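FYI, side chains are in, hydrogens and waters are out, and symmetry mates aren't considered; it's all heavy atoms of this structure. Letters go in sequence order (proteins before strands), and every chain restarts at 1. These numbers come from a predicted model, not from an experiment.
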Amino acid sequence: MSHDTHTPTKASAPPRLGLAFFRQDAITVARGLIGSTLVRRYRGRLRRARIVETEAYVGPHDLACHAAKGRTARTSTMYLPGGHAYVYFIYGMYDMLNVVTGPADDPQAVLLRAAEPLDAWPADLSGPGKLTRALHITRAQDALDLTGPALHFLPCPSPAPEIAITPRIGVDYAQHWKDAPLRFLDAASAAVSRRIRARYPLTSETRP
DNA sequence: GCATCGATGGTG
DNA sequence: ACCATCGATGCA
């Protein structure tokens, strides 16, 4: 095609999710990442995984969001424009991978909680700490550009999966925000138990 | 299936 | 003194 701006010599590499996607609000991005492909290049090796669980942290007014405590050394990357990684260390052992969303100085993020390995890669990615460990993602990737070669996303193929919505995990301290429906799951994934499906039936298929 | 607990260290 | 976790253990 005459107006194709990428990869003119190689045949169609799939388009990455770009800035227009990441600069949307955290809820939209959290939903949109379900079924998308996470691509990680580490020491010359390529790993791919299909995202099946995310959580949205929607801003300083969200008492479960790290930005609720204001701008600190740890949380400053959340204030970058959407499309950067926010990676933090917790419980003395685990790194958590988040996608910063929204415009600059609007600290929202999406936590990646679970994925399914692709390409017959035998890994357990069912949990945010396990996901980062398997993909070799640490604080060294904090503030990394998520449209670059080391770590990026490919859009969810259509049709988009059905999505279950529940409260977030591990935020019981967050007063009324602990119950906010901000966790998104691929309802058909093995990562979603029967109990979750029974308690949190699918919300109506929302507008695209 | 569910509840409880300890590991382990950055953070404010 | 927490904490956006995990794996082991115990019990049903």
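The partner of C/dT9 is B/dA3, judged by Watson-Crick or G-U wobble contacts that both fall below 3.5 Å.
Counting to the nearest Å, the C1' atom of C/dA4 and the CD atom of A/E53 are 11 Å from each other. One can place OH of A/Y86 at 11 Å from C1' of B/dG10, the figure rounded to the nearest angstrom. Between the OH atom of A/Y91 and the P atom of C/dA1 there is a distance of 17 Å, given to the nearest Å. Here B/dG12 presents its P atom at 13 Å from CZ of A/R71, a figure rounded to the nearest Å. In this structure, OH of A/Y173 is placed 13 Å from P of B/dG12, rounded to the nearest angstrom. With rounding to whole Å, A/I90 atom CD1 is found 9 Å from C/dC3 atom P. Between A/R168 atom CZ and C/dT5 atom C1' the separation is 17 Å, expressed in whole Å. Between A/K69 atom NZ and C/dC3 atom C1' there is a gap of 9 Å when expressed in whole angstrom units.
A sub-4.0 Å separation between OP1 or OP2 of C/dA4 and a side-chain N or O of A/K178 is absent. Side-chain N/O atoms of A/Y88 include none lying less than 4.0 angstrom from OP1 or OP2 on C/dC3. Contact annotation: A/R113 side-chain N/O to C/dT5 OP1/OP2 distance is under 4.0 Å. Close to C/dT5, at under 4.0 Å from its OP1 or OP2, lies no side-chain N or O of A/Y94.
Closest heavy-atom contact between A/A67 and A/M78: N-SD, 4.2 Å. Closest of all the heavy-atom pairs between A/A123 and A/A134 is CB-CB, 4.5 Å. Closest approach of A/P181 and A/I165 over heavy atoms only: O-CG2, 3.5 Å. Nearest heavy atoms, A/L111 versus A/P128: CD1-CB, 4.4 Å.
As judged by a 4.0 angstrom heavy-atom cut-off over every strand, A/R133 is placed among residues making no nucleic acid contact.
Candidate nucleotides C/dC6, B/dG12, C/dA4 were compared by shortest atom distance to the side chain of A/K130, and C/dC6 ranks first. Picking from B/dG12, C/dA4, B/dT8 the nucleotide with the shortest atom distance to the side chain of A/M93 gives B/dT8. Here the side chain of A/M96 is nearest to one of B/dG9, B/dG12, C/dT5, namely C/dT5.
Ring planes of A/H136 and A/Y42: parallel class, angle under 30° (limits at 30 and 60°).
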